[in-house]
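A short write-up of the structure that comes next.
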Number of protein chains: 2
Amino acid sequence: MIEAASILKKIVEALKDLINETNIDFSETGISLQAMDSSHIALCNLLLRDDGFKTYRSDRTMTLGVNLSSLSKLLKCAGNDDEVRIFTDDDADQLNFSFESANKERVSEFTLKLMDIDADAVDIPEMDYQAVIDMSSSEFSRIIRDLGSVGEAVMIDATKQGVKFSSAGDAGKGSILLKHQKSVDGDSALATSIEINEPVSHSLALKFLSNFAKAAPLADRVSIHMIEDAPVMFEFKISEIGHIRYYLAPQIDDDE
Amino acid sequence: MIEAASILKKIVEALKDLINETNIDFSETGISLQAMDSSHIALCNLLLRDDGFKTYRSDRTMTLGVNLSSLSKLLKCAGNDDEVRIFTDDDADQLNFSFESANKERVSEFTLKLMDIDADAVDIPEMDYQAVIDMSSSEFSRIIRDLGSVGEAVMIDATKQGVKFSSAGDAGKGSILLKHQKSVDGDSALATSIEINEPVSHSLALKFLSNFAKAAPLADRVSIHMIEDAPVMFEFKISEIGHIRYYLAPQIDDDE
DNA sequence: GTAATTCCGA
DNA sequence: TCGGAATTAC
């Protein structure tokens with residue numbers, strides 16, 4: 001399997017602070033991963049389809065347990081433009097990486113030891129969400145960072161008119177309102193669009209949202225999927241190849 | 001003696017984490033320093049020839065003991081483009097620095113207290129090395145940093161074809177292979193050249209190599225000089241004026 | 001564990 | 001050019 005290193009790095013950066021160790025599933029159709037975060041509250045789902053790779057081959061289905069912190073360190077040894085090959089031996093007790101620089105003068109080989117991990121058997125039902133907010137991922141990061149200095153949780157209120165992020169803490173409170181905008185061609189990159197059946201609002205722990213925001217380098221946009229009485233889902237599409245989705249259950253608090 | 005501050009700063013940065021205190025020799029022909037690192041394993045050698053200075057005068061030979069950490073702090077008070085004068089009084093119990101800004105509008109004077117230091121009498125024999133690797137110093141830094149996250153030691157294997165740096169640790173292992181290349185004019189800045197009589201390989205403690213890599217800002221290239229059963233020497237040429245050389249004895253381990 | 005520094009992104 | 005984050009030294 002061959003791919004540019006930078007995207008792989010970003011993927012691992014988007015997961016490693018949430019998940020220490022996880023099983024990764026390799027199958028004919030691609031690579032996938034589902035895992036609860038270390039505190040068993042949030043949930044991540046990664047999908048990389050086979051056709052997104054330059055070449056991809058997996059003769060059989062394999063589940064490999066990796067330490068994401070080690071993997072992150074390993075990937076830091078690749079240049080962003082290096083071509084990456086990932087392969088495993090038949091006994092699959094280690095995962096091998098080769099990085100080749102663009103000019104071919106430098107070839108690195110790294111090996112990651114694998115581990116047996118007790119899988120959190122996770123099943124994610126597809127849902128019909130009441131509201132789907134599609135917004136700039138950098139805007140999302142900015143809002144999460146800004147509200148992170150205000151309080152511990154963010155209330156997300158989605159209405160037809162727009163979406164409001166708000167937080168309150170000891171020193172005060174803050175809110176950011178993004179108005180719904182049909183993607184104006186001029187700056188559609190920043191526009192926020194909201195598809196909504198019914199207004200919905202949820203309070204979410206900022207601690208997790210900050211981690212979700214680490215996926216922003218992977219995608220220009222993030223979509224936030226909300227429904228009453230179920231986890232909120234954040235999706236970052238990874239161009240041409242798949243997505244990262246994060247699920248987080250709302251906090252039960254006074255305002256809902 | 002007058003010199004641009006930035007180069008002096010870089011020199012001290014390249015030494016201070018390895019050596020706390022050292023004698024510096026001032027003679028008619030220039031400035032030199034030899035010292036073991038604090039753990040008495042690695043060895044540094046600095047040479048600054050008199051003709052590399054804008055002006056240089058040393059009426060007699062002097063050996064002055066300095067604390068490099070204090071010197072580093074002192075030099076941080078100089079602007080990078082300041083012209084530096086270093087001078088001492090006849091009794092030589094302190095070293096005086098003046099920094100003059102490019103526009104001459106600002107002149108700073110600093111004084112460093114000297115100390116008596118028991119010299120490690122160090123003698124470095126000139127050797128005929130079996131292999132000399134000449135490579136980009138930034139590439140060297142990168143490799144040392146990358147392998148630093150893998151293990152505690154690096155094996156350097158020099159052959160006619162190229163040089164391989166490799167390391168192994170708990171989480172896995174890694175290696176970087178640089179292919180030998182006659183300096184193609186196009187990008188000779190990155191090319192690696194290897195002059196070799198006989199293949200040689202040595203295992204070296206990464207802890208020290210990380211310190212050696214701090215000399216990279218002083219020189220675009222580093223040359224690695226290897227011979228069986230003797231310390232490996234790393235040389236960074238300081239343009240027009242001298243060099244820093246580091247010596248490190250190989251670790252005895254199974255692979256050699 | 002804290003503090004400083006260096007590097008990257010806005 | 002400035003601020004923030006990550007890395008590294010004390």
Side-chain angles (χ1 to χ4, degrees), chain A residues 5-7 9-18 20 68-81 135-150 174 176 187 189-190 206-222 236, chain B residues 5-22 37-39 41-42 44 67-81 137-152 154 169 171 205-218 246:
Chain A
S6 65
I7 189 151
K9 292 186 180 196
K10 289 176 189 163
I11 289 170
V12 175
E13 290 308 299
L15 296 173
K16 79 176 168 84
D17 293 328
L18 223 34
N20 295 325
L68 287 180
S69 166
S70 302
L71 178 56
S72 164
K73 281 180 192 158
L74 190 155
L75 289 174
K76 287 213 168 73
C77 302
N80 280 332
D81 300 326
M135 64 183 291
S136 150
S137 64
S138 56
E139 178 94 73
F140 176 73
S141 293
R142 178 88 208 280
I143 290 171
I144 297 307
R145 180 164 49 85
D146 288 350
L147 293 182
S149 60
V150 175
I176 294 113
D187 60 348
L190 290 173
L206 263 164
K207 173 188 163 193
F208 292 103
L209 299 185
S210 309
N211 277 127
F212 300 171
K214 299 209 166 93
L218 282 165
D220 288 338
R221 303 191 67 78
V222 55
F236 298 79
Chain B
S6 64
I7 190 152
L8 218 50
K9 292 186 180 195
K10 289 175 190 165
I11 289 170
V12 175
E13 291 308 301
L15 296 173
K16 80 176 168 81
D17 293 326
L18 222 36
I19 307 166
N20 296 324
E21 301 174 343
T22 182
D37 79 289
S38 339
S39 59
I41 296 173
C44 301
N67 177 307
L68 287 180
S69 166
S70 304
L71 177 55
S72 164
K73 282 178 190 154
L74 189 155
L75 288 174
K76 288 209 168 70
C77 303
N80 279 334
D81 300 326
S137 64
S138 57
E139 178 95 71
F140 176 74
S141 294
R142 176 93 207 280
I143 289 170
I144 296 307
R145 180 166 48 81
D146 286 350
L147 292 181
S149 64
V150 175
E152 307 276 295
V154 188
L206 263 163
K207 174 188 166 194
F208 292 104
L209 299 186
S210 308
N211 277 124
F212 300 171
K214 298 209 168 90
L218 283 166
Y246 301 96

Side-chain N or O of B:K214 closer than 4.0 Å to phosphate OP1/OP2 of D:dA9: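 Yes, such a contact exists.
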Nearest listed nucleotide, side chain of B:K76, among C:dT5, D:dT8, D:dC10: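 Looking only at heavy atoms from C-beta outward on B:K76, the closest nucleotide is C:dT5.
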Side chain of B:R145 - closest among D:dT8, D:dC10, D:dA5: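 When the side chain of B:R145 is considered, D:dT8 is the closest of D:dT8, D:dC10, D:dA5.
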Sugar-phosphate only, base, or nothing, as touched by B:K73 at under 4.0 Å among non-hydrogen atoms: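 B:K73: no heavy atom of the nucleic acid under 4.0 Å.
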No-hydrogen, no-angle side-chain donor-acceptor test under 3.5 Å, B:K76 and B:S72: yes
Value rounded to 0.5 Å, distance of CG in A:L206 from CZ in A:R145: 12.5 Å
Between [N] atom [atom2] and [X] atom [atom1], what is the distance in whole Å?
{"X": "A:K9", "N": "C:dC8", "atom1": "NZ", "atom2": "P", "value": "11 Å"}
{"X": "B:L75", "N": "C:dT5", "atom1": "CG", "atom2": "P", "value": "14 Å"}
{"X": "B:L18", "N": "D:dA9", "atom1": "CG", "atom2": "P", "value": "11 Å"}
{"X": "B:D146", "N": "D:dT8", "atom1": "CG", "atom2": "P", "value": "11 Å"}
{"X": "B:E13", "N": "D:dT8", "atom1": "CD", "atom2": "P", "value": "16 Å"}
{"X": "B:I19", "N": "D:dA9", "atom1": "CD1", "atom2": "C1'", "value": "17 Å"}
{"X": "A:N211", "N": "D:dA5", "atom1": "CG", "atom2": "C1'", "value": "14 Å"}

Intermediate values then yes/no, side-chain contact (heavy atoms from CB on, under 4.5 Å), A:R142 and A:I176: CA-CA 10 Å; A:R142 178 88 208 280; A:I176 294 113; over 6 Å; no
Atom CG of A:D146: over 12 foreign heavy atoms under 6.0 Å: yes
